[in-house]
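What follows is a short report on a single structure.
Being a predicted model, the structure only gives us computed values, none of them experimental. Numbers restart at 1 for each chain; the letters A, B, ... are given by sequence-line order, proteins then strands. Only heavy atoms go into these numbers, but all of them, side chains included; no hydrogens, no water, no symmetry mates.
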Amino acid sequence: MSNISRRDFLRVSTTAVAGALLAACGAPATEAPKVEPTAKPAEEKPAATATPKGPVRPVDAWPVGELPRNRTLIYYNNTPPNGNFALWGADPHQAGWAICQEPAAFYGVHGDKQYMWLAESYKYADDGKGLTVVFRKGIKWSDGTPFTANDVVWSMDTLKRVDGLQKAGNVKATVEKAEAVDDLTLKLTFNQVDWRFFFTSMTFRFDLGDNTLIQPKHYWSTVADDKLREDKFYDPAKGLPISTSPYGVGVSNEQYTNYDLRKSWWAVETGFVDKEPDVWRIQQQPFTNDTLAAQLLINKEIDHPLDLRPFVVASTLAQADHLSTWTGRKPPYGYVDWWPISVQFCTKKPPFDNPKVRWAVAYALNQQAIVDIGWSGAGTVAMSPFPAYPKLNALLDQIKDVTDKYNVLEFNLEKSAALMTEAGFTKDGEGFWVDKDGVRPDADVYAGVPLFGDIAPVVAEQLRQAGFYSQHKAPPDVWAAKVDGRASMFLFGHGGATIDPFDTLQLYQEANAAPMGEQSWGNITRWDDPEFAKARQEIKNTAPDDPKMVELFKKTMEIWYAALPDCPIVQWYHRIPVSNWYFTNWPDETNPYMNSALWHWTMLQVVLGLKATGNA
Amino acid sequence: MTLSYFVRRVFFLFLVVWTAATINFVLPHLAGRDPIKEQMLIQIASQGRTQADAEAMIRTYTRLFGLDRPLWEQYLTYIGNVMRLDFGYSINNYPRTVMDIIISRGRLTLPFVVVSIFISFTFGILLGAFLGWNRTPQWVSNLVVPPMLVLSSVPQFLVALVLIYFVAFRMRLLPMNGAYPRTMVEDWGSLTFWMGYAKHAILPILSMVLVDASGWALGMRAMMVTVEGEDYATFAEAKGLTTWRVFFRYLLRNALLPPLTGLAIRLGFIITGASLVESFFAYNGLGSTLGGAIGNFDYFLLYGIVTIMVMCIALATFVMDMIYPLLDPRISYKAQRG
Amino acid sequence: MTGFLSYIKRNPTLGIGLAMLVILVGFTTIGRLFINPDDAYRQTMYMNQPPSKEHPFGTDAQGRDLLTMMIMGTGMTLQVGAIAGGIGLGIGIVLGFVSGYYGGLLDTIITSAIDIYMTIPSFLILILIATTFKNINLGIIEMGVIVGIVSWAGSARAIRSQVLTMRERPFVMMAKLSGMGSMEIVMKELVPNLLPFLVMSLSQSVYGGIMSSLGLEAIGIGSRREPTMGMTLFYVNYYSAFLLGLWWWILEPVAVIVMTLTSFVLISMGLDEIANPRRRRSL
Amino acid sequence: MNQPLLEIKDLKTYFYVKAGTVKAVDGVTLNLDPGVKMGLVGESGSGKTTMALAVMRMIKPPGTIQGKISLNGVDLVTLSNEEMRKARLSQISMIPQGAMNSLNPVARIRNQILDGLEDHGVKLSKSEANDRLAQLLQIVELPTKVADMYPHELSGGMKQRVTVAIAISMGPKLIIADEPTSALDVVIQRQVMETITRLVRELNLSMILIGHDMGLMAQSVERLAVMYAGKLAETGGVKEMFADPLHPYTQKMISSLPVLGRRGVFEGIQGIPPSVINPPPGCLFAARCPKVIAGTCQEISPALREVRPGRWVSCHLYN
């Protein structure tokens, strides 16, 4: 039941992107298109709809009737949308119907691949205060209406015009004006310098971001502004939801939602993709618990669950040969997500307003033991707030002197005790730290249900061993506890950074560091440092590949580490056993064309990569 | 049946619903929570908004959900809405309404819960009556009662786990999950659909019945012993009546009355119990929705489900009140039940 | 003592129930002398170990020693039950006596309240309370108090009906005629005569309290740290112990739960024979 | 008068419980001639009711019945369960003790009367059934409309009349009335008792009347049997017994009555009746007996013997 809230916690973590500015790096991104397994240059083929290659689809009508199991991909997600594909009111993030959305581009970090998709190319204005995107020819909405740059303009205008819509932040903050130069060319004018807009707002990567979902103007312009939020965007008879995606929604109810291959898809018609996907139907079923998911995987009844606990993955793999994970059949069974976990402090609340106390906590934590006990060793520790991705690792390698000096991985109870004594604490009869009034400071570790169920108890116990009167807490209102500042310490992930540290640093926005008594949701740690803010601002104005970047990064991180608003513990892993029985070529560490989570925005790329085995 | 009895019971029915609705309304205010704000916080954080932007969004939704008006006005509107079965929107599933969710999931749960109650009650009552009967050899009781004692205190979800593991996962006799085959579309007019639904309901029903029937049986057994000590039981035997007539008409018939009064109240326990069982069978019904609403803290959905359940129970109690005097002539429609 | 023993001989149900309770209490109190309570919390690298010499009950997925957890948790679960049962019965006694003895308008009000309260499932109210109130530190005591507060209706109703029948008995009439005050009659005449019944109600309330707390904890509403039986079950479920084949981790809390609940059922049944002479099997 | 209607020989009803053997009825021998009304008296716990249940063969495990109970020459102890069931109501019937609770609270009087008939093979059409009901109710002086009422709508006396109607509905030869009026108030007691005695006389039934109201006995029965601690102390004609009680227990009992022959309830004798769980050897009355023969009474259990025609007594005084 509470796996849903696990998703909620995941989705929270992208706080970064709001006002990203300046970067001298328009160029690397535009060079990026590479040869991908599924996409081919458009010019090689004539636009042919009549003669599809490969197996002939047994359907003339759409939505389709019953289909063979070996052409149906069954995956677990949260409760299916139940005929509710509302875009503007509800948050479609991780709702499982990302398959119905196509972005300007996709990005897969593990293979460092960018897939230009609806967009063919983009170019930032020389001063960074504008962006021109050119879309492909021949793109059609599922109802046959041609897709044009006007659809994008309408989508962005709507986000700016109507209050309270989902995913409006970036556009509202940055876009001054969106206009269609011609049917295929979008010209954006920014009110500030922003070299990252295409990546943060038009590229699907992970489940991150404030992406603008490009919507059919011809449908939505018939809906009044104040009715936008309530529109469920679902009616199979009318072909809703309309999208450019190869999959439409067949049946959607309480028990499952079928995404069926449509009769035609612009990418095959134009030859951009050489053949139709092997997957004819994607069925989304509700995820309820790990045990059931594992048993269904073993019995080949589903192909892809949500991520599972390490013990469960190991046991599941041992019971079935047709299953594999990102790392094959070996630990850690998964890939690093963008969401490294920290013990985060409420830095405006005593005693954690004192950096010495925060460092005392850091020395009291034994990260490796957390991985070993919580995950039976199937994972890795985190020594920084950044996910262990190549470009970020490279950057961290260059500031080794800083990370060595401030080694959060060091487990040293003496140092911890010394710092606590310096901060004016003494131990009471039971061996717990007390302040000068003899009061044990509140050191409860708040952690969400049930995502941190395996590591939070370990963290709390380690703190107790070091004399902090701590206990793992997972109340239903854990979120409010953090935001209100009731929680002194809480486990949470952070980031958003994938190719450039800025998105993570952006979390510690001084504007969002509300004082105690106010709710603080942007910057939950409430940490605020003028020096840091200045340094971050400089990073904002610097391109990621600028040689200056390393120096700036070093300066920023030195401040961050000294203050330690949160103490990194572990990298976050998605451990997803997948079934190779009906479909193979799942992305994994040897073939990392995309991260394999189907509940992410990048779901379409994974599905396009799958190959049917024909097994009965 | 006198009119005043009927009126009194109807009044009581409304009193119960009103109380439950008021508790629902008062609790969050007592706790000083702002459901919209809390829920929006979670959603807003993923959008990377500025504080001002987020506040604007909260304002929009607060207005949408009507939380910006004075308290008494909110309360009156709320009670009015409850009476019209309108619980507003589910925060998590916006723009789906709470009632829409309750109806579409409830219709999957209802047959399965009703059948569970019916089977556990019938089976438990008969078994309990049989065990409590003085003609049943003592060894039968000695053999059956201890396992029942155990079963009645085992958590239902463990029974569900065991059943799933052996019957569905290992032996593959019955489906593991879902409310009906995923190749079917919900169609209550079709026999094939009913068959599929029934097949999927067997294990969930079984895991509830095993635990629940044991409880009924233990209670009924004690009632039987009491009834057997009554003079009319002795006299019935002295009348030379056939064994079965004594058993059904004189003993069981009388021992049945107290459990029957508990049947309506039991409805509530069953649905809450169903919430875990449903989630173990990935049965997307009302029970697991209740669980989800707790986990997600979807206030309006949570309170909507609670109110609807209380209404169902109150309604069931009302029906029982109407029927009960027919079953027990000592209770007349005129007298207040004590 | 011998009288007690010979009574137990005639009422084996009560005897077995009490014996089971004594075993449980002994397990948790005497057991504490042999273990280090910290082992119930301390995580080690010895995870998912089947029973062995070092860990006679095995360990759980966090490497905690299950023997210690069981010893500590049994006490905690009993404690929750005792607190909840005590509070529930306390409220029940006050309302039941007031309503049954004084009657009149007060009785009508209390009876209606009981009826309404019984119709609203207490488990739902529990969920509402536990999820609504901010920052409740759901420790053992808080859990007991919350569960106790919502579970008075059953005992209030039962006590009321007992008091009603008692009120008509000749000795109460006599007491009234001899000029005893209401409070005096309640304390000197009614309570002693209802004592077996009250003890039985207590046993039932404790049973109900444990049952409700288990229900809440099994869905994760409770103290995450304390190894109560409900929380242990929560983790059993969370770590998919069943799938992993960690039978000891499942069997132990279930055994304790079954034993605890069964003991209270048996005690209630046994006490019922004293409180309700009609139920005694006639010779 | 050669063949007794009911012949009880050495009847033992023992309950084997954990604490030991409860000898509720221990070696009772008794004859009852057709048309004779016999009173069965004794303190509470002396085994009167148990004996009545034993005669009806309604003793449940762990109780056992040994000995011989023959009714019209048929040994009831050896009958099959089904035969015994049929014998109840049609051969022997019972007027139960608790008038208030002896009727099934959830069934109409009509059904409670007809159930007995139906289960003894009497098939009646609706109008026949109505006639039969009216007739039976009339005999016990109840209005016909009672048939369609529920027990809780009747007074105690009316309920007891219904049980009487049920008891005679199959025309039995023997009626066992177990303190039939004990739960009623005095005026009603008398009316009901009059009805019962009238019916027994009119229908020429035999009756065993259990009770401890000696005055009632004096008025209603011809013979009297006194039970003490599961054993028969003395039997004989009621007048003889009152005039010349033989057994010391009977003597004490009769002398303790306030006014002989008038309404008076025998409340027992000083001292405690002995426990019938694992009783000691010897006469069980010995401890309370004023005429105890030291050495003998405590050692040897006195046998029941006929000391003069129709007078049986079990006491060492009359050896």
Side-chain angles (χ1 to χ4, degrees), chain B residues 125 129 131-142 223-261 320 323-338, chain D residues 49 52-53 55-63 81-108 111-121 148-153 159-160 162-163 166-167 169-170 172 175-176 178 183:
Chain B
I125 289 300
L131 289 173
W133 195 25
N134 50 25
R135 281 175 186 268
T136 309
Q138 189 60 39
W139 62 266
V140 177
S141 269
N142 293 345
M223 255 347 274
M224 271 303 267
V225 175
T226 307
V227 168
E228 275 165 351
E230 298 279 355
D231 294 331
Y232 56 80
T234 315
F235 188 51
E237 201 185 348
K239 273 158 66 176
L241 301 182
T242 54
T243 313
W244 293 112
R245 195 194 290 272
V246 175
F247 181 69
F248 283 110
R249 287 290 190 69
Y250 287 74
L251 302 180
L252 197 145
R253 178 74 169 70
N254 278 289
L256 189 61
L257 295 173
L260 263 181
T261 54
M320 281 308 292
I323 297 174
Y324 198 75
L326 297 177
L327 300 170
D328 186 351
R330 283 167 294 184
I331 309 290
S332 81
Y333 291 108
K334 287 173 198 136
Q336 175 79 40
R337 269 168 68 198
Chain D
T49 302
L53 289 174
V55 172
M56 303 282 292
R57 246 184 72 187
M58 279 165 57
I59 301 294
K60 302 267 151 45
N81 285 338
E82 179 63 11
E83 284 167 332
M84 185 61 223
R85 175 183 78 72
K86 284 192 172 143
R88 291 182 201 128
L89 201 67
S90 64
Q91 304 286 327
I92 321 174
S93 63
M94 180 187 250
I95 300 174
Q97 190 170 15
M100 302 310 288
N101 296 316
S102 289
L103 294 171
N104 186 352
V106 297
R108 287 180 203 278
N111 295 328
Q112 307 210 30
I113 296 174
L114 293 179
D115 277 355
L117 298 174
E118 205 175 298
D119 280 356
H120 287 83
D148 290 316
M149 293 167 97
Y150 285 102
H152 71 276
E153 295 169 294
K159 282 189 215 173
Q160 193 60 307
V162 170
T163 63
I166 292 173
S169 62
M170 285 296 294
I175 284 188
I176 299 173
D178 186 358

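- Each of B:L241, B:V227, B:L257 has some count of heavy-atom pairs under 4.5 Å with chain D, and the biggest count is that of B:L241.
- Contact of D:E82 with chain B is not made at all, since no heavy-atom distance falls under 4.5 Å.
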side-chain contact (heavy atoms from CB on, under 4.5 Å) assessment of D:V106 paired with B:L327: CA-CA 7 Å; D:V106 297; B:L327 300 170; over 6 Å; no

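- We find that D:K60 and B:E237 are joined by a salt bridge, their nearest charged nitrogen and carboxylate oxygen being less than 4.0 Å apart.
- Here the NZ atom belonging to B:K239 is positioned 12.5 Å from the CE atom belonging to D:M170, to the nearest 0.5 angstrom.
- Of the two parts of B:A236, neither the backbone nor the side chain holds a non-hydrogen atom closer than 4.5 Å to a non-hydrogen atom of chain D.
- Of the possible polar contacts, none joining the D:R88 side chain to the B:A238 backbone as a donor-acceptor pair under 3.5 Å is found.
- Annotation: the span from D:L103 atom CG to B:Y250 atom OH amounts to 8.5 Å, rounded to 0.5 Å.
- In this structure, OH on B:Y232 lies 8.5 Å from CG on D:N101, to the nearest 0.5 angstrom.
- Residues B:F235 and D:S102 share a closest heavy-atom pair of CD2-O, 3.3 Å.
- Of all the heavy atoms in D:P105 and B:P329, the pair that sits closest is O-CG, 3.4 Å.
- Between the side chain of D:D119 and the main chain of B:T242, a donor-acceptor pair closer than 3.5 Å is present.
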From CA spacing to verdict: salt bridge (Lys or Arg N to Asp or Glu O under 4.0 Å), D:D115, B:R245: CA-CA 8 Å; D:D115 277 355; B:R245 195 194 290 272; 2.9 Å; yes

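- B:T234 OG1 to D:Q97 CD: the interatomic distance, rounded to the nearest 0.5 Å, is 9.5 Å.
- Note that the CG atom of D:N81 and the OG1 atom of B:T243 stand 7.5 Å from one another [nearest 0.5 Å].
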